[in-house]
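See below for the structure under consideration.
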Amino acid sequence: MTIKDEYLKEENKVYKIYKLLYSTYGQQGWWPFIDYKYVNTSKNQNTSGYHIGKYDFPRDNIEVFEVCLGSILTQNTTFISVIKSLHNLKALTKLTPEGITELNIEQLKIAIKPSGYYNQKTRYIFEFISFFTALNGKVPTREALLNVVGIGEETADSILLYGYNQEEFIIDSYTMRVLFSLGLIDEKAKYKDVKEFMQTSIKACVSEKKERIIVYQEYHALIVKHAKMFYSKKPYGVGCMLYALI
DNA sequence: AACCAGGACGTGA
DNA sequence: TCACGTCATGGT
(Lines give C-alpha, C1' and ligand atoms only; values in the text may rest on other atoms or scores of the structure.)
Protein backbone atom coordinates (compact mmCIF):
# COMPACT_ATOMS: atom_id res chain seq x y z
CA MET A 1 0.00 0.00 0.00
CA THR A 2 1.71 3.10 -1.21
CA ILE A 3 -1.05 5.51 -0.33
CA LYS A 4 -1.62 6.82 3.15
CA ASP A 5 -5.32 6.28 3.62
CA GLU A 6 -5.47 7.97 6.99
CA TYR A 7 -6.66 11.02 5.09
CA LEU A 8 -9.80 9.43 3.81
CA LYS A 9 -11.80 10.03 6.93
CA GLU A 10 -13.51 13.25 8.03
CA GLU A 11 -12.78 16.45 6.11
CA ASN A 12 -9.96 15.11 4.03
CA LYS A 13 -6.99 17.07 2.84
CA VAL A 14 -7.52 16.32 -0.80
CA TYR A 15 -10.77 18.23 -0.76
CA LYS A 16 -9.33 21.02 1.35
CA ILE A 17 -6.61 21.45 -1.24
CA TYR A 18 -9.25 21.65 -3.93
CA LYS A 19 -11.18 24.31 -2.08
CA LEU A 20 -8.09 26.41 -1.52
CA LEU A 21 -6.98 26.14 -5.14
CA TYR A 22 -10.50 26.98 -6.31
CA SER A 23 -10.82 30.01 -4.05
CA THR A 24 -7.37 31.18 -5.15
CA TYR A 25 -7.57 30.77 -8.91
CA GLY A 26 -11.26 30.34 -9.62
CA GLN A 27 -12.85 28.25 -12.35
CA GLN A 28 -10.49 27.25 -15.13
CA GLY A 29 -12.91 26.20 -17.82
CA TRP A 30 -10.94 23.34 -19.30
CA TRP A 31 -10.77 21.93 -22.00
CA PRO A 32 -9.68 24.78 -24.31
CA PHE A 33 -11.12 24.77 -27.83
CA ILE A 34 -9.30 26.64 -30.56
CA ASP A 35 -12.37 28.25 -32.07
CA TYR A 36 -14.19 29.02 -28.87
CA LYS A 37 -13.65 32.47 -27.47
CA TYR A 38 -15.12 32.95 -24.07
CA VAL A 39 -17.29 36.01 -23.62
CA ASN A 40 -16.71 37.31 -20.17
CA THR A 41 -19.58 37.51 -17.73
CA SER A 42 -17.83 36.78 -14.44
CA LYS A 43 -14.84 37.96 -12.44
CA ASN A 44 -12.42 36.00 -14.56
CA GLN A 45 -11.12 38.70 -16.85
CA ASN A 46 -8.54 38.43 -19.65
CA THR A 47 -9.29 34.85 -20.51
CA SER A 48 -9.92 33.66 -24.03
CA GLY A 49 -10.19 30.23 -25.56
CA TYR A 50 -11.74 28.82 -22.39
CA HIS A 51 -15.33 28.22 -21.34
CA ILE A 52 -15.24 29.40 -17.76
CA GLY A 53 -18.19 28.15 -15.74
CA LYS A 54 -19.79 26.34 -18.65
CA TYR A 55 -19.90 22.58 -18.35
CA ASP A 56 -21.82 21.57 -21.45
CA PHE A 57 -18.68 20.92 -23.47
CA PRO A 58 -17.84 19.32 -25.80
CA ARG A 59 -20.93 20.41 -27.69
CA ASP A 60 -20.71 17.94 -30.56
CA ASN A 61 -18.71 14.99 -31.85
CA ILE A 62 -16.28 17.29 -33.65
CA GLU A 63 -15.36 18.93 -30.37
CA VAL A 64 -15.02 15.50 -28.78
CA PHE A 65 -12.55 14.67 -31.51
CA GLU A 66 -10.66 17.89 -30.87
CA VAL A 67 -10.26 16.97 -27.22
CA CYS A 68 -8.93 13.56 -28.21
CA LEU A 69 -6.42 15.00 -30.67
CA GLY A 70 -5.33 17.60 -28.17
CA SER A 71 -4.88 14.96 -25.50
CA ILE A 72 -2.53 13.01 -27.74
CA LEU A 73 -0.67 16.05 -29.01
CA THR A 74 -0.11 17.53 -25.58
CA GLN A 75 1.85 14.54 -24.31
CA ASN A 76 4.98 15.95 -22.68
CA THR A 77 4.44 19.25 -24.48
CA THR A 78 2.93 22.64 -23.71
CA PHE A 79 -0.58 23.26 -24.90
CA ILE A 80 0.52 26.41 -26.68
CA SER A 81 2.38 24.18 -29.12
CA VAL A 82 -0.70 22.02 -29.46
CA ILE A 83 -2.80 25.04 -30.39
CA LYS A 84 -0.48 25.70 -33.30
CA SER A 85 -0.76 22.14 -34.51
CA LEU A 86 -4.53 22.18 -34.18
CA HIS A 87 -4.73 25.39 -36.18
CA ASN A 88 -2.57 23.82 -38.88
CA LEU A 89 -4.91 20.87 -38.99
CA LYS A 90 -7.96 23.09 -38.94
CA ALA A 91 -6.76 24.94 -42.01
CA LEU A 92 -5.88 21.71 -43.75
CA THR A 93 -8.72 19.38 -42.82
CA LYS A 94 -11.38 21.31 -40.88
CA LEU A 95 -10.18 19.20 -37.97
CA THR A 96 -12.36 16.25 -38.88
CA PRO A 97 -11.41 12.55 -38.74
CA GLU A 98 -12.24 12.18 -42.43
CA GLY A 99 -10.15 15.18 -43.38
CA ILE A 100 -7.09 13.99 -41.50
CA THR A 101 -7.43 10.51 -42.93
CA GLU A 102 -7.14 11.97 -46.41
CA LEU A 103 -3.79 13.53 -45.55
CA ASN A 104 -0.63 11.66 -46.39
CA ILE A 105 1.87 10.92 -43.67
CA GLU A 106 4.20 13.78 -44.55
CA GLN A 107 1.41 16.35 -44.51
CA LEU A 108 0.30 15.27 -41.06
CA LYS A 109 3.87 15.27 -39.76
CA ILE A 110 4.43 18.82 -40.92
CA ALA A 111 1.10 19.96 -39.46
CA ILE A 112 1.78 18.65 -35.98
CA LYS A 113 5.49 19.39 -35.96
CA PRO A 114 5.18 22.24 -33.43
CA SER A 115 4.08 19.79 -30.72
CA GLY A 116 7.16 17.62 -31.00
CA TYR A 117 7.54 13.82 -31.31
CA TYR A 118 5.83 14.27 -34.65
CA ASN A 119 6.84 10.88 -36.02
CA GLN A 120 5.25 8.80 -33.30
CA LYS A 121 2.35 11.19 -32.76
CA THR A 122 1.52 10.94 -36.45
CA ARG A 123 1.17 7.22 -36.05
CA TYR A 124 -0.78 7.63 -32.82
CA ILE A 125 -3.26 9.94 -34.56
CA PHE A 126 -3.87 7.65 -37.50
CA GLU A 127 -4.33 4.74 -35.14
CA PHE A 128 -6.70 6.72 -32.99
CA ILE A 129 -8.81 7.91 -35.89
CA SER A 130 -9.63 4.38 -36.99
CA PHE A 131 -10.58 3.60 -33.42
CA PHE A 132 -12.63 6.77 -33.08
CA THR A 133 -14.45 6.23 -36.36
CA ALA A 134 -15.42 2.71 -35.34
CA LEU A 135 -16.96 4.10 -32.16
CA ASN A 136 -19.69 5.73 -34.23
CA GLY A 137 -20.28 8.36 -31.59
CA LYS A 138 -20.39 5.98 -28.67
CA VAL A 139 -18.42 6.47 -25.48
CA PRO A 140 -15.27 4.32 -25.48
CA THR A 141 -14.37 2.21 -22.46
CA ARG A 142 -11.14 3.02 -20.68
CA GLU A 143 -9.85 -0.43 -21.45
CA ALA A 144 -10.49 0.01 -25.17
CA LEU A 145 -8.72 3.36 -25.16
CA LEU A 146 -5.68 1.84 -23.47
CA ASN A 147 -5.46 -0.68 -26.27
CA VAL A 148 -4.89 2.08 -28.81
CA VAL A 149 -1.20 2.63 -29.47
CA GLY A 150 -0.15 5.98 -28.06
CA ILE A 151 -2.87 6.22 -25.45
CA GLY A 152 -1.62 5.58 -21.95
CA GLU A 153 -3.41 6.03 -18.66
CA GLU A 154 -3.24 9.80 -18.50
CA THR A 155 -4.29 10.37 -22.09
CA ALA A 156 -7.15 7.90 -21.69
CA ASP A 157 -8.43 9.66 -18.59
CA SER A 158 -8.00 13.02 -20.25
CA ILE A 159 -10.11 11.92 -23.19
CA LEU A 160 -12.74 10.40 -20.92
CA LEU A 161 -12.96 13.28 -18.46
CA TYR A 162 -12.86 16.23 -20.85
CA GLY A 163 -14.02 14.61 -24.08
CA TYR A 164 -16.79 12.41 -22.70
CA ASN A 165 -17.49 13.84 -19.24
CA GLN A 166 -16.79 10.53 -17.56
CA GLU A 167 -15.88 10.24 -13.92
CA GLU A 168 -12.14 9.64 -14.31
CA PHE A 169 -9.63 11.70 -12.39
CA ILE A 170 -6.45 12.56 -14.28
CA ILE A 171 -3.07 11.97 -12.70
CA ASP A 172 -0.22 13.80 -14.41
CA SER A 173 3.35 14.50 -13.38
CA TYR A 174 2.29 17.76 -11.71
CA THR A 175 -0.28 15.93 -9.61
CA MET A 176 2.32 13.39 -8.54
CA ARG A 177 4.80 16.13 -7.77
CA VAL A 178 2.41 18.20 -5.68
CA LEU A 179 0.95 15.28 -3.75
CA PHE A 180 4.37 13.86 -3.00
CA SER A 181 5.74 17.23 -1.91
CA LEU A 182 2.82 17.60 0.47
CA GLY A 183 3.49 14.14 1.87
CA LEU A 184 0.18 12.67 0.75
CA ILE A 185 1.60 9.93 -1.45
CA ASP A 186 4.74 7.87 -1.79
CA GLU A 187 7.28 9.11 -4.31
CA LYS A 188 6.91 5.94 -6.35
CA ALA A 189 3.18 5.57 -5.99
CA LYS A 190 1.51 4.10 -9.04
CA TYR A 191 -0.95 5.87 -11.28
CA LYS A 192 -3.80 3.56 -10.38
CA ASP A 193 -3.30 4.01 -6.65
CA VAL A 194 -2.98 7.77 -6.75
CA LYS A 195 -6.07 8.02 -8.92
CA GLU A 196 -8.07 5.91 -6.51
CA PHE A 197 -6.81 7.97 -3.61
CA MET A 198 -8.00 11.19 -5.24
CA GLN A 199 -11.34 9.79 -6.35
CA THR A 200 -12.10 8.18 -3.00
CA SER A 201 -11.24 11.38 -1.18
CA ILE A 202 -13.41 13.49 -3.43
CA LYS A 203 -16.29 11.02 -3.27
CA ALA A 204 -16.24 11.35 0.50
CA CYS A 205 -17.04 15.04 0.13
CA VAL A 206 -19.09 15.24 -3.07
CA SER A 207 -22.14 13.01 -3.21
CA GLU A 208 -23.49 13.87 -6.65
CA LYS A 209 -21.75 12.22 -9.58
CA LYS A 210 -22.56 15.14 -11.85
CA GLU A 211 -20.87 17.44 -9.39
CA ARG A 212 -17.85 15.18 -8.98
CA ILE A 213 -17.15 15.22 -12.68
CA ILE A 214 -17.04 19.00 -12.58
CA VAL A 215 -14.77 18.83 -9.56
CA TYR A 216 -12.45 16.42 -11.37
CA GLN A 217 -12.30 18.74 -14.36
CA GLU A 218 -11.61 21.86 -12.35
CA TYR A 219 -9.28 20.13 -9.90
CA HIS A 220 -6.92 18.84 -12.57
CA ALA A 221 -6.88 22.21 -14.31
CA LEU A 222 -6.23 23.94 -11.00
CA ILE A 223 -3.33 21.64 -10.20
CA VAL A 224 -1.73 22.42 -13.55
CA LYS A 225 -2.32 26.14 -13.04
CA HIS A 226 -0.81 26.05 -9.57
CA ALA A 227 2.04 23.68 -10.35
CA LYS A 228 3.19 25.74 -13.30
CA MET A 229 3.94 28.50 -10.82
CA PHE A 230 5.31 26.59 -7.84
CA TYR A 231 6.33 23.14 -9.05
CA SER A 232 8.17 23.70 -12.32
CA LYS A 233 11.64 24.43 -11.08
CA LYS A 234 13.51 22.86 -8.20
CA PRO A 235 13.27 22.95 -5.33
CA TYR A 236 9.59 22.21 -5.81
CA GLY A 237 6.93 23.86 -3.72
CA VAL A 238 8.71 27.05 -2.70
CA GLY A 239 6.01 29.58 -1.92
CA CYS A 240 3.23 27.01 -2.22
CA MET A 241 0.39 27.91 0.12
CA LEU A 242 -0.94 24.36 0.23
CA TYR A 243 1.53 23.46 2.96
CA ALA A 244 -0.60 25.46 5.37
CA LEU A 245 -3.24 22.75 5.02
CA ILE A 246 -0.89 19.91 5.95
C1' DA B 1 23.01 26.87 -22.85
C1' DA B 2 20.76 23.77 -20.05
C1' DC B 3 16.29 22.66 -18.75
C1' DC B 4 11.42 21.85 -19.03
C1' DA B 5 6.86 20.90 -21.14
C1' DG B 6 -0.81 18.98 -19.31
C1' DG B 7 3.69 10.96 -21.65
C1' DA B 8 4.04 6.58 -24.05
C1' DC B 9 6.57 2.76 -25.48
C1' DG B 10 10.35 -0.65 -26.13
C1' DT B 11 14.05 -2.87 -24.03
C1' DG B 12 16.84 -5.61 -20.83
C1' DA B 13 17.45 -6.85 -16.25
C1' DT C 1 7.49 -5.56 -12.64
C1' DC C 2 10.86 -1.85 -13.11
C1' DA C 3 14.43 1.31 -14.33
C1' DC C 4 16.14 3.52 -18.21
C1' DG C 5 16.69 5.26 -22.97
C1' DT C 6 14.19 7.29 -26.84
C1' DC C 7 11.24 10.32 -29.11
C1' DA C 8 11.55 16.36 -30.83
C1' DT C 9 9.98 21.05 -31.07
C1' DG C 10 9.79 25.46 -28.76
C1' DG C 11 10.09 28.62 -24.93
C1' DT C 12 12.82 30.57 -20.92
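Values reported hereafter were calculated over all heavy atoms of this structure, with side chains retained and with hydrogens, waters and symmetry mates removed.
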Calculate the interatomic distance between [X] atom [atom1] and [N] atom [atom2]; express it in whole Å.
X	N	atom1	atom2	answer
A:Asp157	B:dA8	CG	C1'	14 Å
A:Leu69	B:dG6	CG	P	18 Å
A:Tyr191	C:dT1	OH	C1'	19 Å
A:Leu73	B:dG6	CG	C1'	12 Å
A:Glu168	B:dG6	CD	C1'	17 Å

Charged tip of A:Lys109 within 45° of A:Tyr118 ring normal and under 6.0 Å: no
Face-on cation placement of A:Arg177 at A:Tyr236 ring, 6.0 Å and 45° thresholds: yes
Anything under 3.5 Å between a protein N or O and an N or O of nucleotides 9-12 of chain B, put it in a table, one pair a line.
residue	atom	partner	partner atom	Å
B:dC9	OP1	A:Gly150	N	2.5

[N] phosphate, OP1 or OP2, under 4.0 Å from [X] side-chain N/O:
X	N	answer
A:Arg177	B:dC4	no
A:Tyr174	B:dA5	yes
A:Ser173	B:dG7	yes
A:Tyr118	C:dT9	yes

Residue of the set A:Phe169, A:Trp30, A:Tyr174 for which ring-ring contact (aromatic ring centres under 6.0 Å, His included) holds with A:His220: A:Trp30
Partner of A:Tyr162 by ring-ring contact (aromatic ring centres under 6.0 Å, His included), out of A:Phe33, A:Tyr55, A:Trp31, A:Tyr216: A:Trp31
Ring centre gap for A:Phe57 and A:Tyr36 strictly below 6.0 Å: yes
Pairwise C1' distance for B:dG6 and C:dC4, with rounding to whole Å: 23 Å
Counterpart residues, ring pair (Phe, Tyr, Trp, His ring centres under 6.0 Å), relative to A:Phe230 (two or more places apart): A:His226
Set of residues satisfying ring pair (Phe, Tyr, Trp, His ring centres under 6.0 Å) with respect to A:Tyr22, sequence neighbours excluded: A:Tyr18
Nearest-neighbour nucleotide for the A:Tyr117 side chain, C:dC7, B:dG6, C:dG11 considered: C:dC7
Among B:dG7, C:dT9, C:dG11, the nucleotide that comes nearest once only the side chain of A:Thr155 is considered: B:dG7
A:Lys90 atom NZ, neighbour heavy-atom count above 12 within 6.0 Å: yes
CD/A:Gln120: more than 12 non-hydrogen atoms of other groups inside 6.0 Å: yes
Single-linkage hydrophobic cluster, 4.5 Å side-chain cutoff, A:Val149 and A:Leu146 together: no
Those residues of residues 219-237 of chain A lying under 4.0 Å from DNA chain B by at least one heavy atom: A:Val224, A:Lys228, A:Ser232
DNA chain B-proximal residues of residues 75-83 of chain A, any heavy atom under 4.0 Å: A:Gln75, A:Asn76, A:Thr77, A:Thr78, A:Phe79
A:Thr93 versus A:Glu102, side-chain donor and acceptor atoms under 3.5 Å: no
Residues from residues 105-114 of chain A lying under 4.0 Å of DNA chain C - heavy atoms: A:Lys113, A:Pro114
